[in-house]
Amino acid sequence: MIVPDRIVRTTCPYCGVGCQMHLKVKDEFIYAVEAPFDAAPNYGMLCVKGRFGTDYVKHPGRVRTPLIRVNRAEGRSAPPVWREASWDEALDLCADELVRVTREYGNDAIASFASAKATNEDNYVFQKFIRSLMGTNNIDHCARLCHAGSVTGLQLSIGSSAMSNSIAEMENLEAFIVTGSNTTETHPVISNFLKRAVRQNGAKLIVIDPRRIDMTNFATLWLRQNPGSDVAVFQAMAHTIVKEELYDPNFIAQRTEGFNEYLETLESFTPEWAEEVSGVPAESIREAARIYANAGRAAIYWGMGISQSTHGTDNTLSLVNLALMCGHVGRAGTGLNPLRGQNNVQGCSDSGGLPNVYTAYQRVDDPAVRDLFQTTWGVPLSPSPGLTATEMCDACYTEEVRAMFVLGENPMMSEPNQTHARHALEKLQFLVCQDIFINETGEMADVILPATSFAEKDGTFTNTDRRVQRCRAAVPPVGNSRADWDILSDLGRRVEARRGIKLSAGFDYTHPEQIWEEMRRVTPDFRGIDYARLEREGGVHWPCPSFDHPGTPFLFAEEFPRGRGKFWAVDYGTESEQPDAEYPYNLSTGRVLYHWSGSTMTGRSRLEDVYPEAVCEISPDDAAALGLVTGDWVNVSSRRGTITLRVLMTGRSPAGTIFVPFHFAEAAANLLTLDRIDERAKIPDYKNTAVKIEKTDAPVGLDEGYSDHLFDRGAIKDPVQIH
Ligand code: SF4
């Protein structure tokens, strides 16, 4: 038996659940991961990623020292040739180039991606660097690509976009809706709490999803709507609630506005009309409306199936309308809950990694707020909101943006229409990537700055239910890598010198706790949280305005941030790309249990052995029509590109729709997707792409037996048999 040198409590680096874990360390190596049974939010549970997927920390491919590209003249898409550099040389080059670009083209010629994987402190320093020293608000991150539809809809209707209720409340639900979220694979530990609510407490679950996901096995009611017809189903539920007078008149009168105007727009959204549009039987829609409205405590949980759409904002608004009319918000066990993906996507937004807000959503165009930050930092700040992530790509293409700083992100995997994204990034004069591995975007960079992983640094993460928790260093950094905040502080001091300025609160940090203390000073919602309290309590839900405040597990008990919750009329329609004669199938993209994002981390862990390749999930009917069986190779093509991968026949996919995970560079789903966006949220539509499917031969040069074990080892069970 191995006796650990130390056991370090920290937070999982993968999904937004924010599971607490114990890293067991021997000889500076993490040899096991366990979960404390007495700690929220996971109470002893971990999924396969948390328990077995952290060995990437010692992967030989980690970047160990700064790298400078020596074949810039060949273009960014040429295979990179690197030479190792000292920190001084690499950071001086970055400082020189970033300052040069602002002087030659203006401050807004710089754009930046903050990181949903980095700590709150890393992201605070990054947005401070971009805003105070680059002079622009051109900073965004992957929240734009996963939940911008949710954020925009929630901001419009209630003025706050965070999950309104805590994970701990899930077990006490009476009824709940899960829509657009394959929770078992994307938020596995949360799915366990939701299943417990059903199994142990008899809660009624309504799943609204085109795919036969695992949660349907626990559902009282499964509404299988046609892809893209979400609004029709939600509006018809609202219609039913009104017609059958199931709404909460007191809540509507005391806490909302616009109900009567909204009522007038609902008349035509009958369940019978919705049945024609969505394929869901009218009586099932009525039944779902009754279950949700009649419950004493009911909540809605959703994922990227709702937000990643050209009508993502409308999807969200129609869900909020349901909660407002039934009074299912502002109490324990109710709520509106967009399940956040990455481990710190909530915290990255909270820390100011967005183009229009500083910390905790304080607007850059609010003079009083801006004055606070100008006074604190000691430098004038731009009042103009910056570019969103999707706009940055276009601005690179049109050369309004000339230099980009990418912190722990991978737009070359996450942006839709990758060919366009590549052409856009090729035009940059300077690209710096700060990361733990060289990913697909890093391969196009001029400079790579090696950062430390979650297991090598201190700081805080904020999980999907707004719980601020510690991340703690367990092992020393590999090579010469440094924590993100430390690299950025060093770079900040170099840029200060080149600009001949010294900020009053500058970049002289020596520990992330100093950064959190500065965040607390400028952020009323964080004032009651400090490292000492996190040490004592394990985690605290913001808003927490003072040390004697208990934190806020559920929001909106008294009022919404915008005052009254607002009902919004929602039209039914779509801008999504629709199947046609040439491209007759719909492609939906998403995650699988064993991988994360562009698989930069999971692809370098032992999880890669279990699930090594992309598969095209297809319904048995479609497979039969195309003469395909599980394991056949196919080309999947859209108007933008072609990928080659193997087929998995599965009852998960409805006829006419295939599913491809977006984790795999060799069959990158985003080569196919379209860069058409929801105009309000600026989020692309990753769930609706018209494609065709053609049987093909196995790629030449493939190892014999390549990935047969994907099907043999049970990573993918055949759901045709399960269901
Ligand atoms: Fe990590 Fe999420 Fe799995 Fe928990 S559920 S172990 S946070 S990936």
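When a ligand or atom number is given, it counts from 1 through the structure's own listing order.
At a threshold of 4.0 Å, the pair Lys117-Asp435 does not count as salt-bridged, since none of the basic side-chain nitrogens sits closer than that to a carboxylate oxygen. A salt bridge links Glu28 and Arg6; the closest N-O separation between the charged side-chain nitrogens and carboxylate oxygens is under 4.0 Å. Looking at Glu617 and Arg211, a side-chain N of the basic residue comes within less than 4.0 Å of a carboxylate O on the acidic one, giving a salt bridge.
When hydrogens are left out, the protein atom nearest atom 6 (S) of ligand 1 is Cys47 N, 3.4 Å; that is the closest non-hydrogen contact. Looking only at heavy atoms of the protein, atom 4 (Fe) of ligand 1 is closest to Cys19 SG, 2.3 Å. Of all protein heavy atoms, the one closest to atom 2 (Fe) of ligand 1 is Cys15 SG, 2.3 Å.
Near Gly18, meaning under 4.0 Å from one of its heavy atoms, ligand 1 places the atoms 7 (S). Contact atoms of ligand 1 toward Lys49: 8 (S) (distance under 4.0 Å to a heavy atom of the residue). In the vicinity of Tyr14, heavy-atom distances shorter than 4.0 Å reach the ligand 1 atoms 8 (S). Every atom of ligand 1 is numbered from 1 in the order shown, and the set under 4.0 Å from a heavy atom of Pro188 is 5 (S). Of all atoms in ligand 1, listed by their number and element, those nearer than 4.0 Å to a heavy atom of Gly50 are 6 (S).
Inspection of the Gln342 and Ser597 side chains reveals an N or O donor paired with an N or O acceptor under 3.5 Å. Under the 3.5 Å distance criterion, with hydrogens and angles disregarded, a donor-acceptor pair is assigned to the side chains of His595 and Thr602. A donor and an acceptor atom, one from each side chain of Thr152 and Gln155, are nowhere located under 3.5 Å apart.
For Asn42, the heavy-atom gap to ligand 1 stays at 4.0 angstrom or more.
Residues Phe437 and His59 bring their aromatic ring centres within 6.0 Å.
Backbone or side-chain N, O or S atoms of Cys12 do not reach atom 2 (Fe) of ligand 1 at under 2.8 Å.
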